[in-house]
Amino acid sequence: AGGVPVLLPNFDSAPYLDALTSRLDGLILTGGQDVDPRRYGQEATSGLDVLPERDAFELGLLARFIGTGKPIFGICRGMQLFNVYLGGTLHQDIGDAGISEREHSSVVSRDYSLRHKVHLTPGSRIAEIMGRTEVTVNSYHHQVVNRVARGLDVTALSEDGLIEGLESATHPFLLGVQWHPEKMAGEKEEEMDLFHALVRAASGR
């Protein structure tokens, strides 16, 4: 998409985080481990994969980036993380919560082949970026946003009503999706458009 990606080691040091924030033009919070439930006031259920040092590092970086107004794009865990940072919560497991009969996790096969439709809110940033109000996306998650943080709008929903997209109406560019657009960017132009939008916002800085 024209941006230069930089991999960031998990290192929860204030000078390091300050230096990264001043030098980087945008931030992608990627997928990965489950966010530690203690971050949103819950005890962990069984079967979670948490990495507390990653949570600490990314939350520290997120706090600084939100303060600067620099663009932030959250993917899967990344969207869940900024919802938690802003005061929201998660369902620790979709099946345990009993909120959907649809399969959303292709973690066992690890091929991102599971697909479903997502409805985008007309007039939202994500609908404008992707140029449509319905997309077919991959599904690779067992957790999902529960309570939405104050200041965030739900702008994408799966057919079974699970939250698939969040964005801020007040931050210049704070956008998240539950699916993995990086795994479809080579086949779907609208998925690549999400990264183009991030790079444009970062370049504008």
Side-chain angles (χ1 to χ4, degrees), residues 1-3 26-31 66 69-91 94-95 97-107 111-204:
L27 178 65
I28 295 180
L29 296 167
T30 68
I66 285 180
K70 292 181 178 181
I72 302 164
F73 180 34
I75 295 174
C76 196
R77 164 195 159 90
M79 182 184 78
Q80 296 171 2
L81 187 74
F82 74 63
N83 180 63
V84 168
Y85 170 75
L86 293 171
T89 65
L90 308 177
H91 288 294
I94 295 170
I99 55 176
S100 176
E101 295 182 357
R102 180 187 293 271
E103 180 62 41
H104 280 266
S105 176
S106 56
V107 175
D111 61 2
Y112 296 85
S113 62
L114 193 62
R115 304 287 172 105
H116 62 75
K117 290 183 179 180
V118 167
H119 302 284
L120 311 180
T121 302
S124 62
R125 180 190 293 271
I126 190 170
E128 292 178 355
I129 290 171
M130 302 188 81
R132 60 203 67 208
T133 56
E134 183 178 282
V135 292
T136 298
V137 305
N138 55 27
S139 194
Y140 195 82
H141 63 106
H142 79 106
Q143 297 193 319
V144 69
V145 169
N146 180 5
R147 187 180 72 242
V148 178
R150 185 176 181 180
L152 295 178
D153 295 323
V154 177
T155 53
L157 288 171
S158 63
E159 293 176 297
D160 52 346
L162 300 189
I163 295 171
E164 294 274 346
L166 294 174
E167 57 190 71
S168 170
T170 56
H171 189 278
F173 192 105
L174 177 59
L175 173 69
V177 297
Q178 184 57 64
W179 67 91
H180 286 264
E182 78 280 7
K183 296 294 184 180
M184 295 186 291
E187 61 179 281
K188 291 179 176 288
E189 184 178 350
E190 64 268 22
E191 300 294 343
M192 191 66 188
D193 286 341
L194 292 167
F195 298 98
H196 282 298
L198 174 71
V199 172
R200 283 196 302 270
S203 299

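Treat the numbers as computed from the prediction; the structure is a model and nothing was measured. Numbering of residues begins at 1 and proceeds along the displayed sequence.
- Although no hydrogens or angles enter the test, the distance criterion places no donor-acceptor pair under 3.5 Å between the side chain of Glu190 and the main chain of Arg132.
- Of all non-hydrogen atoms in Lys188 and Thr136, the two that sit nearest each other are CE-O, 3.7 Å.
- Annotation: the span from Lys117 atom NZ to Asp160 atom CG amounts to 13.5 Å, rounded to 0.5 Å.
- Only one option out of Leu166, Thr121, Leu194, Thr133 pairs with Ile126 in a side-chain contact (heavy atoms from CB on, under 4.5 Å); it is Leu194.
- Asp193 is not listed as a side-chain neighbour of Met130, based on a closest heavy-atom distance of 4.5 Å or more.
- Using a 4.5 Å heavy-atom threshold, the side chains of Glu182 and Ile28 count as separate.
- Partner of Trp179 under the side-chain hydrogen bond (donor to acceptor under 3.5 Å, both in side chains) criterion, chosen from Glu164, Glu191, His141: Glu191.
- Across all their heavy atoms, Gly2 and Val199 have their closest contact at C-CG1, 4.0 Å.
- At a threshold of 4.5 Å between non-hydrogen side-chain atoms, the residues Cys76 and Gln178 count as touching.
- Side-chain N or O atoms of Glu167 include one that pairs as donor or acceptor with a backbone N or O of Arg125 at under 3.5 Å.
- Leu157 CG to Leu162 CG: the interatomic distance, rounded to the nearest 0.5 Å, is 8.5 Å.
- Under the 4.5 Å side-chain criterion, counting only non-hydrogen atoms from C-beta, Ile66 is in contact with Leu86.
- Here the closest non-hydrogen pair linking Gly31 and His180 is CA-CE1, 4.1 Å.
- Side chains of Ile129 and Leu175 form a contact here, defined as non-hydrogen atoms less than 4.5 Å apart.
- Contact record, Gly88 with Ala149: N-CB, 3.5 Å, taken as the closest heavy-atom pair.
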Derivation of the side chain to side chain contact (heavy atoms under 4.5 Å, CB included) call for Asn138 and Met184: CA-CA 8 Å; Asn138 55 27; Met184 295 186 291; 3.7 Å; yes
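- If you run ring-ring contact (aromatic ring centres under 6.0 Å, His included) between Phe73 and each of Phe173, Phe82, Phe195, only Phe195 comes through.
- No more than 12 heavy atoms of other residues, nucleotides or ligands lie within 6.0 Å of CD in Glu189, so this atom counts as exposed by the packing criterion.
- For the atom pair Asn146 CG and Gln80 CD, the distance stands at 11.0 Å (nearest 0.5 Å).
- Shown here for Ala185 and Met192, the closest heavy-atom pair between the two residues is CB-SD, 3.7 Å.
- Of the possible donor and acceptor atoms, one in the side chain of Arg147 sits under 3.5 Å from a partner among the backbone N and O of Gly87.
- For the pair His116 and Ser158, the tightest heavy-atom approach, listed with the atom from each and the gap, is CE1-CB, 3.7 Å.
- Counting heavy atoms from C-beta on, the side chains of Asn83 and Val148 come closer than 4.5 Å.
- No side-chain heavy atom of Val144 sits under 4.5 Å from any side-chain heavy atom of Leu90.
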